[in-house]
2 protein chains.
Amino acid sequence: MNKKIRIKDIAEMAQVSVGTVDRVIHNRGEVAEDSYKKIMAILEKTGYKPNLLARTLGSNKTFRIAALMPNPAQDEYWEQSAEGVKQAEDEWTQYGVEIRPYHFDLYNKASFASQAQNLLETPPDAVLTAPIFHQEALNFFRTCGEQNIPFVVVNNTIEEGGSLSFIGHDLNQSGRLGAELLHLSNTQPGTYAILHVYDDVHNSLHLNEKEKGFKEYFAEQNGGGFKVISRDLNHTHEPSLEKELNDLLSDASLRGILVTTSKGAFIVSRLIEKKGKNGVRFVAYDLLKENLHYLENGIIDFLINQNSKRQAFIAISQLANHLLFKKDALPTYLFPLEIISRQNLKSYLHTGR
Amino acid sequence: MNKKIRIKDIAEMAQVSVGTVDRVIHNRGEVAEDSYKKIMAILEKTGYKPNLLARTLGSNKTFRIAALMPNPAQDEYWEQSAEGVKQAEDEWTQYGVEIRPYHFDLYNKASFASQAQNLLETPPDAVLTAPIFHQEALNFFRTCGEQNIPFVVVNNTIEEGGSLSFIGHDLNQSGRLGAELLHLSNTQPGTYAILHVYDDVHNSLHLNEKEKGFKEYFAEQNGGGFKVISRDLNHTHEPSLEKELNDLLSDASLRGILVTTSKGAFIVSRLIEKKGKNGVRFVAYDLLKENLHYLENGIIDFLINQNSKRQAFIAISQLANHLLFKKDALPTYLFPLEIISRQNLKSYLHTGR
DNA sequence: CTTATTTTCGTTTGCGCACACGGAACTGTC
DNA sequence: GACAGTTCCGTGTGCGCAAACGAAAATAAG
C-alpha cells in the first residue's frame, strides 16, 4: 500500500499526459487501445486511489438532495427528524450539497403525492423520504427509478423498494424488545397488551411488524401461559379511547402495556396517571418531551428510542457520500434499539450528536 | 446564512487582498488595526466557513497522532478500542492524518511510563490516551502540557488533567443505572451486591465512582430497607474468589449483583453458572464475546455497553478535527449509557459503526 | 495529392485555500 | 536627503484533480 500516487505519477509511468489518464479513469473514451491498456495496468498495479478532496474540489459541482418528509410542525417525532436533516445540511453545505425540504401532511395521502410531484419538477440528484403512505410511496419510487434518482428511505421499509438504502430499525426485534421489557422478572403468567394508538390514518404495515415480534417473544417463553392482546385505538375520539383503556386496566391479570406509536405514549400516560398505575409495567417509544415527563415521574418504565433525528442525519450523509465520493451505502442500516430508563436518560440527552 | 462565501469575496467586501484576509483568519499578525477589525466584522457577519477541502488540500501538511493505549492482545475491551482507532485511521488518512499506536502493558505501570517516553521522542501533533495509571498519567500530561501537545483522554477522567477533552461515561450515573436494572420491580427489600473483580492492579478511582452511584440509588429509593454490599475481588486467586462468591450467593436475601469490570463479568458468570442462578439478577459491563455468551444463555440479564470502540473512534476524530479544522472539542463528551438485553443485542452488533 | 474529418492526445485553467516572497509606504537616524 | 529598518499588504505558486480547449496525428473523402 504505497502512498500518495497522483495522476501525474501514473501519467509519467505510462508516458502519457495527465489528460489521457484522466480520460481512462472516467472512461469517457477518446483513448487509443494501447494507451488504455497500459494505463489500466498501471492503475491496477499501483492501486491508485484518487484524492477525494481534490476531486470534489476540482469538479466544482453542487448536488441537490430533496427531503420528502412529514411536516415537522405536526409531530415532535418528525420535528426531531427535521433537526437531523438540518444538522446534516450544516455538515455538507460546505461540500456543495444543497438540501431542499418538501413537507407533506402526515394525515393526508394526497399531500404526499402532490409534494412528490412538486419535487420531481426540478429533479434533485438524490432523495430522502419516509414512505408513510405505502401506495403513494411506491408510485414515487417508480418514477425515481425511471429518472435514475437514487433515494434512501427512513422509518419504515418498503419491500419492493429499489432504494439505495433503508435506515431505521428492525421492527420485529423492536417488538420483541418491548415484550422483554414488559416481561422482565414477571415470572407469573399474565396478560400483556400491545396498543397501536394513532390518529386518522396510520401505517399499519409498520406497526404489524412490531406486533409480530411482540407475540413471537411471548410464544417463545417457556411455560407459555401468557395472554397477549392487541388493540387499535384511534385517539381522535378520546372518550372511547378512555373507556377501552379503562377496561384494559381493570383486568387484574394485566402485567404490561406496550404502546407502539410515539404520540400514543403520552396519550396513554395521561390516562394511566389519572386512573393510577398499580404494578402494570408500561413501555413506549421515543424521547418526546411529554414522554420524558412521564418517564421521569414513573408512569412510563422504559422508552425505546428510535432516534429519528439521527436516522435523518445518517440518511443524508449516506446520500452525500454517494454523490460526492461515490461511496455506496449499506442497503440496510439498522440502528441499535436503545433502551431508555430514568437512570440513563440524561446520558442520552446530553450527547453532542 | 448565505453559502459559498470565499476568501476572495471577503477580500472584495473589505477592499483588501486575499492575503490580508488570510492573515487575519490565521491570525498571524502583520495586519493593520483598521483592516483587522473590518475583516473580522465581515467574517462575523457573513458567517464565513472555510472550505475544508480546499484548506487541507492547500496546506499540504500531514499530522501525526499518537495513541498511547493498553496492549489490545491483553484484553478484549482494549482490542475493541484498538479497532476504533483503526477505523478512525481509515477515515482520516485521506486528509493526511497519520496514527501511530503505542501499546503499554495493562498490568505494568512502568511500561506506561516507558512507552510515554518513547512517544515523546518523536513528538506527535496530538495524543490519545487511556490514563489507567494515575500518577504516571499525570506525569505524562505535564510534559504534554509543557510541549504544547494537545491530548484527549478516554475511559476515565483525571481531574487535574488539562486535556482537550474527556470521552467516556458519567460513571456515577452508570452505577445508578446498574442499580436500577437490578432493582427493577423487585419490590421486596433485599440485598444488592456490587463487585469489583480485577487483576493485579486496578483503577480504584474509576470503580469508586460507580460504587457511589450504585449506593446513592438505593439510598434514594423510598422505603429504603435495602442492604448494599460491596466487594473487591482479585481474580488471580480463583479459589478464594469462588469461596467469596459462594458465600454471597447463599445469602437468601440476595436480589442482584453488579460486576463493575468487563472481564469480571464472565469470570463471575462461570461461577454463577456452576452454582446455579436462582432468581438473582445479574448485570455487568461490555460486549465481550464471553459476556455475550452469558447474556444469551440468561446468566447475565443486562449488559451496560461502554463502547470502547466508539470512544476511541470519537477521540481520534476530535483530535483530527482539532488539528485539521481547528474545531475544538467539547471538554467532556459523555456517551449514552447503553442497556443491552437479549432482545436488542443483535441490533447493537450489526450496526456499521 | 489535397482537403476534410475523425481519432487521439497534451496543455491549460480553475476549484478555494495556504503560504512564501517581495514590494510599497511609513518611520526613524545621522 | 540618503539610507536602513518596520509595518503592512498584494501577487504568485502549488495542492491533486476535472474538464474545456485546441493541436497533432491518423484516416477518409474527393
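Each chain gets a letter, A, B and so on, in the order the sequences are listed, and its residues count up from 1.
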- Task: Write down the distance between CG (A/L324) and C1' (D/dA18), rounded to a whole number of angstrom.
- Result: 14 Å
- Can you tell me how far C1' of D/dA18 sits from CZ of A/F63, to the nearest Å? 12 Å
- Check whether more than 12 heavy atoms from other residues, nucleotides or ligands sit under 6.0 Å from atom CD of A/Q147, and answer yes or no. yes
- Query: Is the gap between the ring centers of A/F335 and A/Y333 under 6.0 Å?
  - Reply: yes
- Message: Can you measure B/H26 atom NE2 to C/dG16 atom C1' for me and round it to whole angstrom units?
- Response: 12 Å
- Mind checking whether B/V97 and B/L323 have side chains closer than 4.5 Å, heavy atoms only? no
- Is any side-chain N or O of A/K61 closer than 4.0 Å to OP1 or OP2 of C/dC15? no
- Message: Do the side chains of A/D125 and A/K61 get close enough for a salt bridge, i.e. N-O under 4.0 angstrom?
- Response: no
- Query: D/dA18, C/dG10, D/dG16: which one has an atom nearest the side-chain heavy atoms of A/A54?
  - Reply: D/dG16
- If you look at every strand shown and take non-hydrogen atoms under 4.0 Å, does A/D22 touch a base, only sugar-phosphate, or nothing? base
- Message: Starting the side chain at C-beta, find the nucleotide from D/dC8, C/dA18, C/dG16 nearest to A/L57.
- Response: C/dG16
- Query: Base, sugar-phosphate, or nothing: which does B/S35 touch, judged by heavy atoms less than 4.0 Å apart?
  - Reply: sugar-phosphate
- SB check A/K8 A/E12 (cutoff 4.0 Å): no
- Query: Should we say atom CD of A/E146 is surrounded by more than 12 heavy atoms from elsewhere, each under 6.0 Å from it?
  - Reply: yes
- Query: Touch check for A/Y95, heavy atoms < 4.0 angstrom, all strands: base, sugar-phosphate only, or nothing?
  - Reply: nothing
- Note on the structure: Side-chain contact check for A/R23: nearest option of D/dC9, D/dA20, C/dG16 is D/dA20
- Message: Please classify the nucleic acid contact of A/N60 as base, sugar-phosphate, or nothing, using heavy-atom distances under 4.0 Å.
- Response: sugar-phosphate
- Grab the CZ-C1' distance between B/R55 and C/dC15 for me, whole Å please. 16 Å
- side-chain N/O A/Y36 vs C/dC9 OP1/OP2, d < 4.0 Å: no
- Message: Just the rounded figure in Å: distance from P of D/dC17 to NZ of A/K49.
- Response: 13 Å
- Query: NA contact type, B/K8, heavy-atom cut-off 4.0 Å: base, sugar-phosphate, or nothing?
  - Reply: nothing
- Report the nucleotide, chosen from C/dC9, C/dT11, C/dC17, that has the shortest atom-to-atom distance to any side-chain atom of B/Y48. C/dC17
- Between C1' of D/dC8 and CD of B/Q15, the distance in whole Å: 17 Å
- Does B/S59 or B/T20 map to a spot on DNA chain D nearer the 5' end, using the closest nucleotide for each? B/T20
- Item | Value in whole Å for how far the P atom of C/dT8 lies from CZ of A/R28 | 15 Å
- Message: Measure CD/B/E12 against P/C/dG16 and give the value in whole Å, please.
- Response: 12 Å
- Note on the structure: The nucleotide from C/dT12, C/dC17, D/dG16 with an atom nearest the side chain of A/N51 is D/dG16
